[in-house]
Amino acid sequence: MKILVTGGTGFIGSHTVVELQNKGYEVVIVDNLSNSRAETVNAIFGITGVKPLLEIFDLTDREKTLDFFMRHNNIRGVIHFAALKAVGESVEKPLEYYRNNIDSLINVLDGMRENNISNFVFSSSCTVYGQPDELPVSESAPIKKAESPYGNTKQIAEDIIFDAVEATPLKGIALRYFNPIGAHETALIGELPLGIPNNLVPFITQTAYGLREQLSVFGDDYNTPDGTAIRDYIHVVDLAKAHVVSVNRMIKSKMKRDFEIFNLGTGNGYSVLEAIKSFEKVTGKKLNYKIVARRDGDIEQVWADPTFSNNELGWKAEKGLDEMMVSAWKWELAYRQRSQEPRTKSQDKRP
Ligand code: UFG
């Protein structure tokens with residue numbers, strides 16, 4: 001059964017491709033490589049023994065997108081990750097974010113409609129809740145005004161999918177991610193931000209490795225037990241598995257409604273200082289960090305109520321924070337080591 005994974009060479013996308021292939025799905029990836037590398041398909045081959053097909057083009061190109069769907073008319077479902085995702089950058093370049101994230105979504109949905117493909121899984125975010133009034137936050141919590149154009153693209157996208165589901169045979173599942181971190185246990189795939197990382201865990205691992213001098217902890221005056229902000233960190237492999245479950249649910253016609261929304265989190269919140277302590281504990285490395293001012297746009301605390309996804313999807317995040325930190329560190333070390341090794345002839349022959 002063939003599944004299209006847009007953005008399949010990215011962080012969450014690549015882990016999802018691995019889990020799909022592990023369950024016997026055939027995967028075709030479309031990616032413009034704007035924030036990822038084509039070699040990721042070799043790493044996926046290294047893990048699963050199967051190299052997914054990769055087509056490199058931009059999904060904002062309507063003609064190319066429709067042509068792709070014409071050529072792959074046996075696709076059973078689409079998981080749509082491809083999007084720009086840097087919150088700060090979206091504030092500086094709102095039009096780029098709206099054009100990229102919304103145009104590509106509409107093109108993909110159009111391609112699906114024209115080829116009678118109805119199963120669509122969308123990569124959404126807990127950012128749609130803003131700072132929730134009640135914690136943990138469940139799927140029925142109100143959607144707050146988005147804090148950034150990035151967050152707004154996720155809200156608008158959910159609305160677009162909802163309307164398309166109402167009007168066409170489309171079925172949609174929106175997965176609202178909390179904070180995905182960690183890497184595959186083989187350390188062959190992981191998070192690889194370009195330039196200076198925005199997110200906490202890549203900044204931690206790069207600082208521990210010596211690529212960054214010091215980690216800044218953004219604010220210790222929040223209304224939380226240790227004053228630093230709280231998030232629900234979820235292992236990327238747990239997150240990836242939820243996508244496979246969602247695809248199965250659609251294909252086996254197990255959906256209760258034509259558009260379903262699920263929180264993907266562990267249900268546990270950890271502060272920035274707790275995340276640092278976990279890293280230090282499992283790696284034995286002391287992190288150089290200092291407390292600085294709050295970062296604009298950050299919320300104080302959010303963690304998921306995963307009850308609905310646990311019960312309905314029969315899925316549960318299994319890995320804890322320590323395990324996430326171990327895998328993130330293993331990936332950082334392995335990646336840095338690999339990028340220093342000169343390429344050998346046998347490596348060049350890899351598929
Ligand atoms: N943090 C630091 N120092 C850093 C980086 C982050 O202290 O160098 C703190 C942040 O202030 C925040 C926590 O670590 O309190 C987590 O920050 P991340 O940047 O890792 O993650 P965010 O919660 O800000 O953002 C993530 C995703 C977004 C998504 C959002 C939804 O990166 O794409 O969750 O809440 F929209």
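Counting starts at 1 for both ligands and their atoms, in listed order. The basis for the numbers below is simple: all heavy atoms, side chains too, and nothing from hydrogens, waters or symmetry mates. Count residues from 1 along the sequence.
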Could you identify the single nearest non-hydrogen protein atom to [atom] and state the distance to 0.1 Å?
atom: atom 32 (O) of ligand 1; answer: Asn199 ND2, 2.8 Å
atom: atom 15 (O) of ligand 1; answer: Ala229 CB, 3.2 Å
atom: atom 35 (O) of ligand 1; answer: Cys126 SG, 3.4 Å
atom: atom 13 (C) of ligand 1; answer: Tyr233 OH, 3.6 Å
atom: atom 21 (O) of ligand 1; answer: Asn179 ND2, 3.1 Å
atom: atom 3 (N) of ligand 1; answer: Ser216 O, 2.7 Å
atom: atom 29 (C) of ligand 1; answer: Ser125 OG, 3.7 Å
atom: atom 10 (C) of ligand 1; answer: Asp298 OD2, 3.4 Å

Between [X] and ligand 1, which residue portion shows a heavy-atom distance shorter than 4.0 Å: side chain, backbone, both, or neither?
X: Ala275; answer: neither
X: Asn198; answer: backbone
X: Tyr222; answer: neither
X: Val272; answer: side chain

Item to check | Stepwise salt bridge (Lys or Arg N to Asp or Glu O under 4.0 Å) test for Arg294 and Asp221 | outcome: CA-CA 8 Å; Arg294 293 181 181 194; Asp221 55 351; 2.9 Å; yes
Checklist entry - Going through the checks in order, is the salt bridge (Lys or Arg N to Asp or Glu O under 4.0 Å) test met by Glu312 and Arg249? => result CA-CA 10 Å; Glu312 271 301 312; Arg249 181 178 174 88; 2.8 Å; yes
Checklist entry - Once the angle between the rings of His243 and Phe81 is folded into 0 to 90°, is it parallel (under 30°), tilted (30 to 60°) or perpendicular (over 60°)? => result tilted
Checklist entry - Is there a nitrogen or oxygen of Leu200 sitting under 3.5 Å from a nitrogen or oxygen of ligand 1? => result yes
Checklist entry - Would you say Phe218 and ligand 1 have an N/O pair spaced under 3.5 Å apart? => result yes
Checklist entry - Which pair of non-hydrogen atoms, one from Thr153 and one from Tyr98, has the smallest distance, and what is that distance? => result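 Looking at all heavy atoms of both residues, the shortest contact is CG2-CD2, 3.8 Å.
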Checklist entry - What's the verdict on side chain to side chain contact (heavy atoms under 4.5 Å, CB included) for Ser309 and Glu139, showing C-alpha distance, side-chain angles and the deciding distance? => result CA-CA 9 Å; Ser309 20; Glu139 290 83 351; 4.0 Å; yes
Next on the checklist: Does atom CZ (Arg71) have a neighbourhood of more than 12 heavy atoms from anything else shown, all under 6.0 Å?
Outcome noted: yes
Subset of ligand 1 atoms that lie under 4.0 Å from at least one heavy atom of [X]:
X: Thr127; result: 31 (C), 36 (F)
X: Leu215; result: 8 (O)
X: Val217; result: 7 (O)

Next on the checklist: Could you work out, for atom 33 (O) of ligand 1, the closest of Tyr289, Tyr129, Tyr150 by heavy-atom distance?
Outcome noted: Tyr150
Checklist entry - If hydrogens are left out, which of Arg295, Arg231, Arg176 has an atom nearest to atom 24 (O) of ligand 1, that is, the closest non-hydrogen atom? => result Arg295
Item to check | Short side-chain donor-acceptor distance under 3.5 Å, Asn152 and Tyr97 | outcome: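 There is no such pair between these side chains.
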Checklist entry - Testing Tyr177, Phe178, Phe122, Phe308 for ring-ring contact (aromatic ring centres under 6.0 Å, His included) with Phe262, which one passes? => result Phe308
Next on the checklist: I'd like to know if Val41 and Val5 are part of one continuous hydrophobic network [Ile/Leu/Val/Met/Phe/Trp/Tyr, side-chain heavy atoms within less than 4.5 Å].
Outcome noted: yes
Checklist entry - In the single-linkage hydrophobic clustering (I, L, V, M, F, W, Y; side-chain heavy atoms under 4.5 Å), do Leu175 and Val27 co-cluster? => result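 Leu175 clusters together with Val27.
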Item to check | Expected output: side-chain Asp31 to main-chain Leu33 donor-acceptor under 3.5 Å | outcome: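 Yes.
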Checklist entry - If you measure from OH on Tyr209 to CG on Leu333, what distance do you get to the nearest 0.5 Å? => result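 Rounded to the nearest 0.5 Å, the OH-CG separation comes out at 7.0 Å.
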